[in-house]
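Only one structure is covered here, and it is reproduced in the block below.
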Amino acid sequence: MADYRAAGKSVGLVPTMGALHAGHASLVSRSVKENDVTVVSVFVNPTQFNDKQDLAKYPRTLEADCQLLEGIGATIAFAPSVEEVYPEPDTRTFSYPPTDTVMEGGFRPGHFNGVCQVVSKLFMMVEPDRAYFGEKDFQQIAVIRRMVEDLKFPLQMVPCPIVREESGLALSSRNALLTAEEKALATNISRTLFISQHYAKNHTLEETKAWVIDTLNALDGLEVQYYEIVDGRSLASLSAWDDSDDIVGCITVFCGHLPVRLIDNIRYK
Ligand code: PAF
């Protein structure tokens, strides 16, 4: 990376855990457009998995990932080993409440600490000018933004819109773990969120929240873990529509036989 820097080249970083799909490709393409050099990290980070089974069943497809990256013009695919990233156990702790304590933070203790550990290391190793993250992981962006401000990383965060299948299902590496039938079932998540944007126009925030949860829980094979309607920046829970002009609904749903944990979000304002 030092050579690129010495030559005055701008560097974009797309951090990923592999099993790349069109959502990742959109981040990479944007970085390729906006930077001289695009580094894509492919690393299934053990420290962000609080559930060992979830780590074990996370899809790993490095060969296919590298082929995809070559095809869309990424400069470097960086796939370090666990030992390279963590020669010693990482004992650093990061705390950015409420962004890292609500929602995913509550249900996956330690998850965002692990995300901050690995992303801060990637930022130090690659020293990007811009870092690209998908808005499907809406909460993750809020937490990393706080870390960037806190540790004064000299880079620009570039949030990129969710990429969806034609059915509306948000693209996710985890979708590969769903059977065809479960995938069809999972399309109810985004469909219900989109309908809720209309429902919200003549219902209270609490009514809208309850409607989304009840609609999805009524379907066999889906179970909502949480649905929160939050301020888009602080991620603090809201109790009425007029509390903020940046309002996002964030959902996590268990789907199917494994089950697969799927997340999605929708903007109300
Ligand atoms: O969003 C992800 O895939 C991961 O959380 C990230 C940012 C690559 C860190 O491991």
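Atoms within a ligand are numbered from 1 in the order they appear, just like the ligands themselves.
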Which residue and heavy atom of the protein sit nearest atom 3 (O) of ligand 1, plus the separation: M17 CG, 3.6 Å

Identity and distance of the protein heavy atom lying nearest atom 9 (C) of ligand 1: Q48 OE1, 3.3 Å

Distance filter under 4.0 Å to T16 heavy atoms, resulting ligand 1 atoms: 8 (C)

Check: R130 side chain, V158 main-chain N or O, donor-acceptor pair, under 3.5 Å: no

F94 and Y96 aromatic ring geometry - parallel, tilted or perpendicular at 30°/60° bounds: tilted

Single-linkage hydrophobic cluster L222~I251, side-chain heavy atoms < 4.5 angstrom: yes

Positive for ring-ring contact (aromatic ring centres under 6.0 Å, His included) with Y199, one of F194, Y268, W211: W211

Proximal ligand 1 atoms for P15, defined as those under 4.0 Å from one of its heavy atoms: 8 (C)

I144, portion touching ligand 1 at heavy-atom distance under 4.0 Å: neither

Residue pairs fulfilling side chain to side chain donor-acceptor pair (under 3.5 Å) with at least one residue in residues 251-264, sequence neighbours excluded: E104-T252, E104-R261, R164-D264, E182-H257, Q225-R261, Y226-T252

Identity and distance of the protein heavy atom lying nearest atom 5 (O) of ligand 1: Q140 OE1, 2.7 Å

Per-atom contacts of ligand 1 with V118, taking only distances under 4.0 Å to non-hydrogen atoms: 9 (C), 10 (O)

R60 atom CZ, over 12 foreign heavy atoms within 6.0 Å: yes

